Trainee: 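One structure is given below, represented as structure tokens, and several questions about it will come after.
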Amino acid sequence: MQFDNEARVFFSAKSENESFARLFAAGFLTQLDPTISELTDVKTAVSEAVTNAIIHGYENKTGIVELFCGYVGKHIYIEVADKGKGIENVEQAREPLYTSKPEMERSGMGFTIMETFMENVRIESIVGEGTRIFMEKTLAKE
Amino acid sequence: MQFDNEARVFFSAKSENESFARLFAAGFLTQLDPTISELTDVKTAVSEAVTNAIIHGYENKTGIVELFCGYVGKHIYIEVADKGKGIENVEQAREPLYTSKPEMERSGMGFTIMETFMENVRIESIVGEGTRIFMEKTLAKE
Amino acid sequence: MELKFKRKNKTLIIQISGEIDHHTAAELRRQTESALEQMGGRNIIFGFQEVTFMDSSGIGVMIGRYKQIQSLGGRIAIACPNEKIEEIIRLSGLSRLLPSFPTLNEAIAYAEGRESDAV
Amino acid sequence: MELKFKRKNKTLIIQISGEIDHHTAAELRRQTESALEQMGGRNIIFGFQEVTFMDSSGIGVMIGRYKQIQSLGGRIAIACPNEKIEEIIRLSGLSRLLPSFPTLNEAIAYAEGRESDAV
Ligand SMILES: Nc1ncnc2c1ncn2[C@@H]1O[C@H](COP(=O)(O)OP(=O)(O)O)[C@@H](O)[C@H]1O
Ligand SMILES: Nc1ncnc2c1ncn2[C@@H]1O[C@H](COP(=O)(O)OP(=O)(O)O)[C@@H](O)[C@H]1O
């Protein structure tokens, strides 16, 4: 895929980096002059996926999270990936309110929020190898 | 090297991304609670190195710039790399006011600024393969 | 994220400013529990006036507190969330358990069981 | 980066706000040249009051303008740079060609050749 502009970051799977990941996505995409609402949608979806990589993928152990942002015109592409434990049942994971970690006070709303705030959310996951989330969004043209 | 926290980004060699690169470094390092002066030093050095990768390394053609930020305690490590044309004479390149592109109104102060605002600036460059700049800085402990 | 705690009648009011994510949610949970212990209170109001960001980690914390409070017969309400945060609460189907109000006074009235006063 | 141009006597005053880097320097150069053509002026003052960041690309643009202006017998001055930006100017050894002043009035006095007025 040929992007107009792209950035791919690899960072430590630490919860301090969740806000950094949002800043990264927002900072890169401001070039497209998005609305505040669009920017919040992307930040929220990125936050969900990055948090999942840290707490579910790596279960708070060390690891590296990958975050990609790219765009063609007003169409943006986001990927979030980890090389953690993977998802056994992707259908179940996508269900609203389903969480494998209720003891950590997770709400099970992560994927639902990604699907609501972004378009075409795709999950690729192999147990024992890791997970990659693909998301897209078309920004309003002014 | 084992870092307390690290982030490595690869982005398109476009001048729009110079401000993004500064935001990236500043956003990552705010976790260390630097002074505004320290943050400006790092942003300025990153800006110089990233600009050099874009205009000298790739000569404004397409390419990917790499920027790494990591820290151990209050000691920070920055790397900026390109796979561009490389530097023939590194000694000369480091000289204040030397520039190979005076017609572009370059001042030749890039490396001098990196050396003033950061510590241990090291240049690795191979003609035809690319350039990698290493910089360090120890932040004041409060 | 920064928190300010205030007790009014039987209600603990928690004014949150900044971002609520998984990283700060742990702190929100810890401090809310210790404020409940030290300051007491049967109801909780989360003041969202100055919350600039929240993801589903915030929902998790609020459901957790709802379960605690509900067993004591108390109520939880959310005051002044922005539009996007209200959408996240609505999505989670929590609007009935954790209703949102545009003003702090309306949230207090609900929490103290005097809805009609505020209307 | 945003630019505001004003003409005062023989001096073109350019108020810059935002960040000056290689990306914005091209615009600073272009707009300064076209303002000189349209509005005239023998001297230039770069107002740095609202400049939040500058790297060596800014030095390049200012040296370029210095060469242009000098050949016409004019002067260039910098008004209200912050400490870090002054350090960059000093490093480049440009303080004599492009002197900095803490106020716009002092910069104008220098540019118009009436330094003594301002002291
Ligand atoms: N990156 C990941 N690696 C492994 N498992 C994941 C990952 N992301 C999500 N999951 C699984 O999918 C479930 C649902 O995720 P989500 O909807 O985000 O809810 P929550 O994070 O609140 O549990 C998680 O509880 C977890 O079991
Ligand atoms: N990444 C790079 N790739 C190739 N050449 C470089 C690179 N960085 C610097 N150089 C060379 O070193 C010279 C001096 O660099 P610098 O001090 O930053 O000044 P300037 O960018 O103003 O020319 C440049 O003019 C260029 O010839």
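Remember, predicted model here, so these are calculated numbers, not experimental data. Chain letters run A, B, ... following the sequence lines, proteins first, then strands; residues in each count from 1.
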Trainee: Can you see which heavy atom on B:G27 is nearest to which on A:L23, and at what distance?
Mentor: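 Result for this residue pair: CA-CD2, 3.4 Å.
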
Trainee: Around A:E103, counting heavy atoms of other residues, nucleotides and ligands shown, do more than 12 lie under 6.0 Å from its CD?
Mentor: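 More than 12 within 6.0 Å, yes.
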
Trainee: What part of B:D4 is in contact with chain A, defined as an atom under 4.5 angstrom from a non-hydrogen atom: side chain, backbone, both or neither?
Mentor: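 For B:D4, the backbone is the part near chain A, not the side chain.
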
Trainee: Taking heavy atoms only and a threshold strictly under 4.5 Å, list by residue number the residues of residues 84-91 of chain B that touch chain A; give 'none' if the list is empty.
Mentor: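 Result: none.
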
Trainee: Check step by step if side chain to side chain contact (heavy atoms under 4.5 Å, CB included) holds for A:F24 and B:F28.
Mentor: CA-CA 9 Å; A:F24 176 91; B:F28 185 74; over 6 Å; no

Trainee: Side chain, backbone, both or neither: which part of B:F20 has a non-hydrogen atom closer than 4.5 Å to chain A?
Mentor: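 When you check distances to chain A, only side chain atoms of B:F20 fall under 4.5 Å.
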
Trainee: For B:E38, check salt bridge (Lys or Arg N to Asp or Glu O under 4.0 Å) against everything at least two apart and list the hits.
Mentor: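 For B:E38 there are no salt bridge (Lys or Arg N to Asp or Glu O under 4.0 Å) partners, ignoring immediate neighbours.
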
Trainee: Can you tell me if B:Q92 has over 12 outside heavy atoms packed within less than 6.0 Å of its CD?
Mentor: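 Yes - once you tally the heavy atoms of other residues, nucleotides and ligands closer than 6.0 Å, there are more than 12.
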
Trainee: Has B:E16 got a side-chain atom pairing as donor or acceptor with A:Q31's backbone, closer than 3.5 angstrom?
Mentor: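 A pair under 3.5 Å: no.
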
